[in-house]
Amino acid sequence: MKKTAALLTAFLVLIILTCLIVFLYTRTQTFKVQKAVYGKDCNVHAAVIYKDVVWTFNNKKAPLMSVFKYFIALKVLDKIEKEKLSLNDKVAVTEDMIIRTTYSPMLKKYSKTPFKLSVSELMKYMVSESDNNATDILLSYAGGISNVQEYLNTLGFSDIKLFADEKMMEVDIQTQYLNTATPLDVIRLMKTAREDDLLSDEHKKFIDGIMIETITGGDKIKAGLPKGTVFGHKTGMSSRKPDGVRIAENDAGFVILPNGETYYIAVFVSESKMSDSENHALAAQISKIVYEYMTAQKR
């Protein structure tokens with residue numbers, strides 16, 4: 001009888017512990033994100049960094065799309081500091097430097113060439129409005145895609161791979177697969193750039209500002225944050241292939257919590273057969289899960 005009672009007690013304890021573990025797991029952000037992406041016809045890759053704590057979900061390499069413009073911005077600022085140049089320096093833009101068929105808000109204001117813009121204006125067009133022509137102009141200013149790759153390598157981010165500029169991606173949709181990174185590496189670099197000594201305080205403030213002013217992707221990560229939350233980010237969106245698949249819908253940036261602390265988040269949706277609104281809503285849902293988890297931990 002004693003042996004039977006002991007076995008029964010052990011069995012009951014095991015059941016209670018199992019239930020407790022299941023209960024606790026259902027409260028984790030991993031479970032909530034798994035639930036959000038379940039049954040979705042796409043791949044989802046996500047990462048969050050808060051201080052020294054790292055969380056990832058399917059942290060695999062994915063096409064970067066316009067998120068790579070953030071790396072170009074860093075390289076431009078690095079060039080300015082090392083060569084003692086200025087964001088106010090003017091760049092002459094000629095017809096052979098632009099593509100008329102690509103996404104380019106800049107050409108709405110400057111429709112006739114040649115014209116001149118400061119480096120800071122081009123940076124705002126590239127980051128805040130994701131202008132493709134401004135991107136290739138600044139990429140040339142920075143020494144080309146290989147120079148940006150070399151810069152990333154020297155920073156210890158050689159797993160981020162850059163091969164294609166905007167002109168290449170405009171001409172051949174398959175080249176949109178060439179620039180790749182994991183979401184974790186993207187936000188690791190953002191954290192390094194913002195918190196270490198890569199750039200001067202002036203240039204850190206400048207790039208933070210143009211990221212916060214970003215007008216693209218307002219229905220992605222930003223839509224999952226409470227209204228008024230300070231959020232600086234860089235978005236990216238591919239073309240759709242002939243079969244209707246969207247190669248990538250990306251968003252990555254930093255969120256400043258009400259207490260002034262910061263976390264970094266990236267959500268990449270790739271190979272999606274869903275509509276754009278469904279892709280964006282999924283990124284917003286994951287963002288909301290992360291924000292609520294972060295603020296709950298603080299409480």
Side-chain angles (χ1 to χ4, degrees), residues 63-80 83 85-145 147-148 151 162-173 175-176 178-179 190 193 199 202-203 205-220 222 231-240 247-253 276 280:
L64 282 165
M65 304 318 304
S66 289
V67 173
F68 93 120
K69 295 170 182 176
Y70 173 75
F71 310 142
I72 298 170
L74 292 182
K75 175 56 182 172
V76 168
L77 292 174
D78 176 72
K79 173 186 173 76
I80 286 173
E83 298 182 16
L85 303 171
S86 170
L87 282 168
N88 295 321
D89 291 344
K90 297 287 185 178
V91 176
V93 179
T94 56
E95 188 67 24
D96 62 309
M97 297 167 68
I98 64 172
I99 307 168
R100 291 285 176 181
T101 56
T102 196
Y103 178 76
S104 187
M106 176 179 71
L107 294 185
K108 293 180 180 179
K109 185 173 182 180
Y110 302 96
S111 59
K112 294 182 180 180
T113 56
F115 58 87
K116 289 185 178 181
L117 287 178
S118 67
V119 175
S120 64
E121 289 173 304
L122 287 167
M123 290 272 278
K124 289 176 183 178
Y125 275 119
M126 178 176 71
V127 175
S128 301
E129 300 191 44
S130 209
D131 189 292
N132 292 339
N133 280 315
T135 299
D136 276 358
I137 292 166
L138 286 172
L139 187 55
S140 177
Y141 178 86
I145 198 78
N147 266 21
V148 179
Y151 173 67
L162 303 181
F163 297 98
D165 59 19
E166 289 293 350
K167 185 176 182 179
M168 291 172 64
M169 289 189 278
E170 178 77 13
V171 171
D172 182 0
I173 190 173
T175 62
Q176 295 182 20
L178 294 180
N179 299 336
M190 285 186 177
L199 301 170
E202 175 191 355
H203 289 148
K205 184 177 180 180
F206 172 76
I207 196 167
D208 269 10
I210 60 177
M211 291 176 74
I212 291 169
E213 292 171 3
T214 291
I215 63 173
T216 59
D219 50 358
K220 297 181 184 179
K222 188 173 184 177
F231 175 50
H233 61 135
K234 185 70 205 80
T235 60
M237 184 178 75
S238 74
S239 304
R240 284 192 184 269
I247 295 171
E249 278 272 16
N250 303 332
D251 201 1
D276 291 348
H280 301 170

Using a 4.5 Å cut-off on heavy atoms from C-beta on, say whether the side chain of Gln176 contacts that of Pro63. no
Residue list, side-chain hydrogen bond (donor to acceptor under 3.5 Å, both in side chains) with Glu166, at least two apart or on another chain: none
When rounded to the nearest 0.5 angstrom, what distance separates CE in Met237 from OH in Tyr103? 8.5 Å
Selection residues 126-143 - residue pairs positive for salt bridge (charged side-chain N to carboxylate O under 4.0 Å, His left out), sequence neighbours left out: none
Using salt bridge (Lys or Arg N to Asp or Glu O under 4.0 Å) as the criterion, list what pairs up with Lys79, not counting sequence neighbours. Glu83
Heavy-atom check, side chain of Met168 versus side chain of Asp165, under 4.5 Å: yes
Residues which pass side-chain hydrogen bond (donor to acceptor under 3.5 Å, both in side chains) with Thr235, listed by chain and number, not counting sequence neighbours: Thr216
As a quick check of understanding, evaluate side chain to side chain donor-acceptor pair (under 3.5 Å) for Ser118 and Ser120, giving each step before the final call. CA-CA 5 Å; Ser118 67; Ser120 64; 3.0 Å; yes
Which residues satisfy the side-chain hydrogen bond (donor to acceptor under 3.5 Å, both in side chains) test with Thr214, sequence neighbours excluded? none
Which heavy-atom pair separates Tyr70 from Ala193 by the least distance, and what is that distance? OH-CB, 3.4 Å
Is the shortest side-chain heavy-atom distance between Tyr125 and Asn133 below 4.5 Å? no
Would you say that Glu249 contacts Met65 through its side chain, given a criterion of any heavy-atom pair below 4.5 Å between the two side chains? no
Qualifying residues under ring pair (Phe, Tyr, Trp, His ring centres under 6.0 Å), relative to Tyr141, sequence neighbours excluded: none
Inter-residue atom distance Glu95.CD - Ile98.CD1, 0.5 Å rounding: 4.0 Å
Quick one: are Ile80 and Asp89 in side-chain contact, heavy atoms under 4.5 Å? no
Give me each pair satisfying salt bridge (charged side-chain N to carboxylate O under 4.0 Å, His left out) with a member in residues 105-115, each pair once, sequence neighbours excluded. none
When every non-hydrogen atom of Lys124 is compared with those of Ile210, the smallest separation belongs to CG-CG2, 3.4 Å
Got a sec, which residues hit ring pair (Phe, Tyr, Trp, His ring centres under 6.0 Å) with Phe115, two or more places apart in sequence or on another chain? Tyr110
For Glu170 and Ile99, indicate whether the former's side chain and the latter's backbone hold a donor-acceptor pair under 3.5 Å. no
Using a distance-only test with no angle check, is there a side-chain donor-acceptor pair under 3.5 angstrom linking Lys220 and Asn250? no
Sequence neighbours excluded, the answer for ring pair (Phe, Tyr, Trp, His ring centres under 6.0 Å) partners of Phe206 is none
Output all residues satisfying salt bridge (Lys or Arg N to Asp or Glu O under 4.0 Å) with Asp78, sequence neighbours left out; order by chain, then residue number. Lys75, Lys82
pair Thr94-Thr113: side-chain heavy atoms closer than 4.5 Å: no
Measure across Leu122 and Ala134 and return the closest heavy-atom pair with its distance rounded to 0.1 Å. O-CB, 3.7 Å
Which pair of heavy atoms, one from His233 and one from Asp251, lies closest together, and at what distance? ND1-OD1, 2.8 Å
For Glu202, which residues count as a salt bridge (Lys or Arg N to Asp or Glu O under 4.0 Å) partner, sequence neighbours excluded? none
Please examine the side chains of Leu64 and Leu162, heavy atoms only from C-beta on, and report whether any two atoms are closer than 4.5 Å. yes
Name the one of Lys69, Met126, Lys167 that satisfies side chain to side chain contact (heavy atoms under 4.5 Å, CB included) with Asn132? Lys69
Quick one: are Ile72 and Val127 in side-chain contact, heavy atoms under 4.5 Å? no
Exam field: side chain Asn147 to backbone Gly144, donor-acceptor pair closer than 3.5 Å: no
Among residues at least two apart in sequence or on other chains, which ones pass salt bridge (Lys or Arg N to Asp or Glu O under 4.0 Å) with Asp219? none
